[in-house]
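The structure follows.
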Protein chains: 4
Amino acid sequence: MSEAIEPWIEELLQAGLGRDKMTDKQRRIVESAIEVFAEKGYAASSTSEIAQRAGVAEGTIFRHFKTKKELLLSIVTPTMLKMIAPFLLREFRDVLTQDYDSYEQFLRAMIENRLLFLQKNKSLIKIVVQELPFHPELQEQFVQVVLVKVKERLEIVIGKFKAEGQLADLPVMTIIRLSASAIMGYVLTRTLYGTREGADWDDERELEATIGFIMKGLAP
Amino acid sequence: MSEAIEPWIEELLQAGLGRDKMTDKQRRIVESAIEVFAEKGYAASSTSEIAQRAGVAEGTIFRHFKTKKELLLSIVTPTMLKMIAPFLLREFRDVLTQDYDSYEQFLRAMIENRLLFLQKNKSLIKIVVQELPFHPELQEQFVQVVLVKVKERLEIVIGKFKAEGQLADLPVMTIIRLSASAIMGYVLTRTLYGTREGADWDDERELEATIGFIMKGLAP
Amino acid sequence: MSEAIEPWIEELLQAGLGRDKMTDKQRRIVESAIEVFAEKGYAASSTSEIAQRAGVAEGTIFRHFKTKKELLLSIVTPTMLKMIAPFLLREFRDVLTQDYDSYEQFLRAMIENRLLFLQKNKSLIKIVVQELPFHPELQEQFVQVVLVKVKERLEIVIGKFKAEGQLADLPVMTIIRLSASAIMGYVLTRTLYGTREGADWDDERELEATIGFIMKGLAP
Amino acid sequence: MSEAIEPWIEELLQAGLGRDKMTDKQRRIVESAIEVFAEKGYAASSTSEIAQRAGVAEGTIFRHFKTKKELLLSIVTPTMLKMIAPFLLREFRDVLTQDYDSYEQFLRAMIENRLLFLQKNKSLIKIVVQELPFHPELQEQFVQVVLVKVKERLEIVIGKFKAEGQLADLPVMTIIRLSASAIMGYVLTRTLYGTREGADWDDERELEATIGFIMKGLAP
DNA sequence: AATGAATGAGACTTCATTCAT
DNA sequence: CATGAATGAAGTCTCATTCAT
């Protein structure tokens, strides 16, 4: 737990999360690109439309991003890092292992944190999820950056709860999978279905049901 | 629930599932299209590559399908029907309501049946899932054809098990969601992760863990 | 002398010289390309202008030639072959070794033959000469196809005249170089300078002077 | 013949030959431009690459040269002057008419002088030769500045040798052409072919052969 | 029914040039 | 003087679709 974060991740986090160094136009280009990519998908998006929405000349895009693909990467790579930021930052990491007495507490914290993130980054997540299957480099990155890191951290936390006898005697990966499935099912349904007009979605109730389900399902 | 299936669905099932009426070339076109769409995504696929792989002239595609979009629909619509075929076919429907004594039995049957389907139709499912977000007509179709129908049928079955006191007192939709999440998590992990070389995936164990998880989580 | 011509050369000669298999539009494209390339140089020529002059849509060019470069090659490669055709064709080859009693006769024949060729293919030659320095593949081709073949044949003929004591005792390559320089100087001056209005170019006299110069310069 | 050199030529000679007045950046731009133009040809060269190689900003080029074309001219015009400098400079001019007893001596001096020049200015010459055909203003300049001047001077010298009975009774222009052809053939072969690895080019022998050829060919 | 040449709109990208800093 | 971000015209090339054969 005490080993330092790899410097390149630290760096990317800085560079990616804050768009500080970007010029105004650059930021507008990226924002338009996020819009358009999320709406139509990368392949069906045209740089001319992105330029138009950003209010810049098409050539300007290519001054900042050598290719359309690079523009995509400039969006996806930081997003993948943001997705796992809580697992990487030192302060949070310590929190992970210490602050939660019960698995339930931990679950609630995770859901709240990531749900907030997801709500604020719907388009970004959509782009990542949509494009992942078609770009092997992204997949590589995803496995290396997201899966491995997250798994690493979660194994520690969940291992602890399991050792304390709070959880059933299942492989840690299985516990992660089952918990994650239920949470994602909740989040996805909520996102897709819960926002429809006239939908009878009682968020509080569903959240409780989901957590209850996980806790019962994983009880020793 | 004893009303007849809508005739147009019946028709589509016939037309879509059996590619009987297709000429040889037509079938080859559709098969190539499935390949290419699954590989590159609809927008990034070119009709000329599809024609090439199908061994037909470029123009031939447009003799059978007015537009590229229509070719996509000719793949997606039947697939969506195939996805819910078990819920629609009369014989199966009766089975649903009668054959299973326990929810666990029912779950096992569903998993086995749909897993088989998924394994035989990976590319098709991939296309549907990938394209759904970008084509409102498809979404419409999906909701109308898949969600509504499945929900309708499942509510009966699950309502029965719930009435029998086998399941916790949760809204039927919630039960469906939680069960489906866990199953899909299992299937997805198995598909993406279980086939990697050197992966330590014990299918039997994971399946049992998943079913156990659901049953415990949903126990009254 | 009696060994067969390499089949690939034979083939290229057929394909390149006769534009038989070309469709009408293809021929028009190539002809326009020759015009434009010769006028402006390859790099400064635009496919859109070529298309316009050919009276076809721009896309049509790329149906017949994958890239602009391929269009260039489709012009240059056959031209290089045409440049040395006399040295390759069997009938001519035999002629080379037998028909000429004196080096002077041989020179006159060569000049006449190649001058005719040059007059009919000014643009083509111009393109080859202009582009050669910028395309390594063309240089490779030029050395392999033109230099080597021509040298091979000329060495035989000139070796014979030298053996007969008609020529000075110089390396055959030197004789070739000196003769070629004088001829090319004649041809070039004639082409560039001789066609100007008011130029005092007496072609007959200059030709005689050139041949006289070579013969005297190379006399034993 | 004793009339002064046209002042504008004098001026250009000063300005072009010495790059004295240029700032450091300006000189670096011109040098990079020479490199790139020689490598890729004018039309295929980009000002951005030139700027990069020169280590200056893109805009800087256009502070010193209004257009890309002007940059080309700033290279080509002085080069054309340098090509004929020996014929223009007063001191050299006198030398021309007095110092050489034989045409052979004169030839040797010219070859040595111009060969040295060519070796030190390969890229420049390449650019001039390559671009001449595509820029009518350059052609104009070339005829006016190079051809006319050189012809003027050479006619005097060669006229003298001819009057002395050293040379055959041919038009002076013909003598020039024949001599120049042989020399250029020598220089070109030497440049292109003589530097290849494994080439059996004996420079001394070829030079002698060439001079011998010219002298014999032009003997009275 | 099948072909494949032809199209022209539009895709991504490059580039010479301008201008505020 | 120098910079480099910005531009928009133009470049090469792709693609869905049409149509005469």
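Letters A, B, ... mirror the listed sequences (proteins, then strands); counts begin at 1.
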Are OP1 or OP2 of E/dA16 and a side-chain N or O of D/Thr47 less than 4.0 angstrom apart? yes
Residue met sooner reading DNA chain E from 5', once A/Tyr42 and B/Gly55 are mapped to nucleotides: B/Gly55
Using a cut-off of less than 4.0 Å, is there contact between a side-chain N or O of C/Arg63 and OP1 or OP2 of E/dA5? yes
Is any side-chain N or O of B/Lys66 closer than 4.0 Å to OP1 or OP2 of F/dA16? no
In whole Å, I'd like the distance from the CD atom of D/Gln26 to the C1' atom of F/dT3. 16 Å
Do you see a donor-acceptor pair shorter than 3.5 Å between the side chains of A/Gln141 and A/Thr77? yes
Could you tell me whether the phosphate oxygens of F/dC1, OP1 or OP2, come under 4.0 Å of any side-chain nitrogen or oxygen in D/His64? no
Can you tell me the distance, in whole Å, between the CZ atom of B/Phe65 and the P atom of F/dT17? 13 Å
Residue whose nearest DNA chain E nucleotide is more 5′ - C/Asp24 or A/Ala43: C/Asp24
Any luck finding a side-chain donor-acceptor pair between B/Lys25 and B/His64 under 3.5 Å? no
Under 4.0 Å from OP1 or OP2 of F/dT7: is there any side-chain N or O of A/Lys25 that close? yes
Atom CG of B/Leu72 and atom P of F/dT17 are separated, to the nearest Å, by 12 Å
Mind checking who F/dA6 pairs with, Watson-Crick or G-U wobble, both distances under 3.5 Å? E/dT17
Between C1' on E/dA11 and NZ on A/Lys68, what's the gap in Å once rounded to a whole number? 8 Å
Under a 3.5 Å cutoff, is there a donor and acceptor pairing between the side chains of A/Ser48 and A/Glu58? no
Between C/Phe62 and A/Ala57, who's closer to the 5' end of DNA chain F by nearest nucleotide? A/Ala57
D/Tyr42 ring centre to D/Lys68 NZ or CZ under 6.0 Å, with the angle to the axis within 45°? yes
Distance check needed: E/dT17 P versus D/Ile29 CD1, whole Å only. 14 Å
E/dT14, OP1 or OP2 - any side-chain N/O from D/Ser46 closer than 4.0 Å? no
Whichever of C/Thr67 and A/Val56 has the more 5' nearest nucleotide on DNA chain F, that residue is A/Val56
